[in-house]
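Encoded as structure tokens, the structure appears first; notes follow it.
Here is the naming used below: chain letters follow the sequence lines, and residue numbers restart at 1 for every chain. Just so it is clear, the model here is predicted, and its values are computed rather than measured.
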2 protein chains.
Amino acid sequence: MNISQAAQRAGLTAKALRYYESIDLLVPQRNPNGYREYSQSDVATLQFIQRARACGFTVEEVRELLALYRNPDRRSHDAKVLVEEKLLQVEQQLESLKAMRSSLRGLAEACAGDDFPECGILDHLASGE
Amino acid sequence: MNISQAAQRAGLTAKALRYYESIDLLVPQRNPNGYREYSQSDVATLQFIQRARACGFTVEEVRELLALYRNPDRRSHDAKVLVEEKLLQVEQQLESLKAMRSSLRGLAEACAGDDFPECGILDHLASGE
DNA sequence: CTGGAGGTTACCGTAAGGGGAAGGTCAACA
DNA sequence: TGTTGACCTTCCCCTTACGGTAACCTCCAG
């Protein structure tokens, strides 16, 4: 099938598929007319990529996951390590975002949000509370 | 004071300060020898920038906040809108990360993490559960 | 006077594509 | 047969917020 249909079936964009080809993550066959031809197997791989990306893995990490997937001599330990590392990263980002949320809530509370110039947001940013 | 000291006092890097100058966010004076000369006021502005960045504002959003801060005719409403928009964005990112965390936990649970190739992580990524 | 710490500019690289131009291809329809 | 519109191709620039490095300049202490 052509690129747009493959992209749609994997929940990705045609642009992303071309990018994945450019970095040799997934290189489809070509038709005589030069069009990319995606097989069912290609689409399955693209879905794998999409799911892994949705879990927060970078494209290079997805490359590692795919290598494990394709390697019958793999140890599941290696995949689990990747997942647990990513889990730690995600949890750290969560903490960071929670801190931001807390700061932003504090700022919002400090400001009347009216037509006057007095503003606790700007005061807090200027003075550090 | 010189760039390194100003950066340290604001909790930033010299590289960041040069970047802020390059985008006209904060342009310090120059000494006759060509060195940047940061005033106390500059450092206060840099601290403002650092705090706003730590809250998740982009550099362009910081520029808007600084403009409000410097404008005596501002309405605090405008600052509050910026904060509340950012708060919404942060909350959306939080939800997104929580979904990732949930997915990653599910993957980790599905995998023994041993020396065998059988791996629920790779199975789940391949099949979509 | 010399060495080292710290300053300067300038250029390349990042992650993961998005946007858009210029042009080839295909299928349907008059 | 001609044409139109949808879809494909490659190519190149743009994004964020700096980090790294090179080549070179300046200042200060010993």
Review point. Shortest non-hydrogen contact from A/R53 to A/T58?
Key: NH1-CA, 3.8 Å
Check your understanding: With distance as the sole test, does A/N2 use its side chain to make a donor-acceptor pair with the main-chain N or O of A/S4 at under 3.5 Å?
Key -> no
Check your understanding: Is B/R18 near enough to C/dT8 that one of its side-chain N or O atoms lies under 4.0 angstrom from OP1 or OP2?
Key -> yes
**Study point:** Shortest non-hydrogen separation from A/F57 to A/L82 and the atoms involved
**Key:** CE2-O, 3.7 Å
Practice item. Begin with the C-alpha distance, continue with both residues' side-chain angles, and end with the deciding distance and a verdict on side-chain contact (heavy atoms from CB on, under 4.5 Å) for A/T45 and A/Y69. Key: CA-CA 10 Å; A/T45 301; A/Y69 181 59; over 6 Å; no
Check your understanding: Stepwise, does the salt bridge (charged side-chain N to carboxylate O under 4.0 Å, His left out) test hold for A/R101 with B/E91?
Key -> CA-CA 7 Å; A/R101 181 178 61 182; B/E91 283 167 348; 5.3 Å; no
Point to revise | Under 3.5 Å: donor-acceptor pair, side chain of B/E37, backbone of B/M1 | key: yes
Review item, side-chain donor-acceptor pairs of residues 111-121 of chain B, under 3.5 Å, at least two apart:
{"residue": "B/D114", "atom": "OD1", "partner": "A/S76", "partner atom": "OG", "Å": "3.0"}
{"residue": "B/D114", "atom": "OD1", "partner": "B/F116", "partner atom": "N", "Å": "2.9"}

Check your understanding: Ion pair present between A/R30 and A/E21, side-chain N to carboxylate O less than 4.0 angstrom?
Key -> yes
Practice item. Walk along DNA chain D from 5' to 3' and tell me the first and last nucleotide with an atom closer than 4.0 Å to a non-hydrogen atom of chain B. Key: D/dA17 to D/dC27
Exercise for review: Could you encode protein contacts along nucleotides 13-27 of chain C as a string, one character per nucleotide from 5' to 3', using B for base contact, S for sugar-phosphate-only contact and - for no contact, with a heavy-atom cut-off of under 4.0 Å?
Suggested key: ---BBBBB---BBS-
Exercise for review: Report which part of the nucleic acid A/I3 touches: base, sugar-phosphate, or nothing (heavy-atom distance under 4.0 Å, all strands).
Suggested key: sugar-phosphate
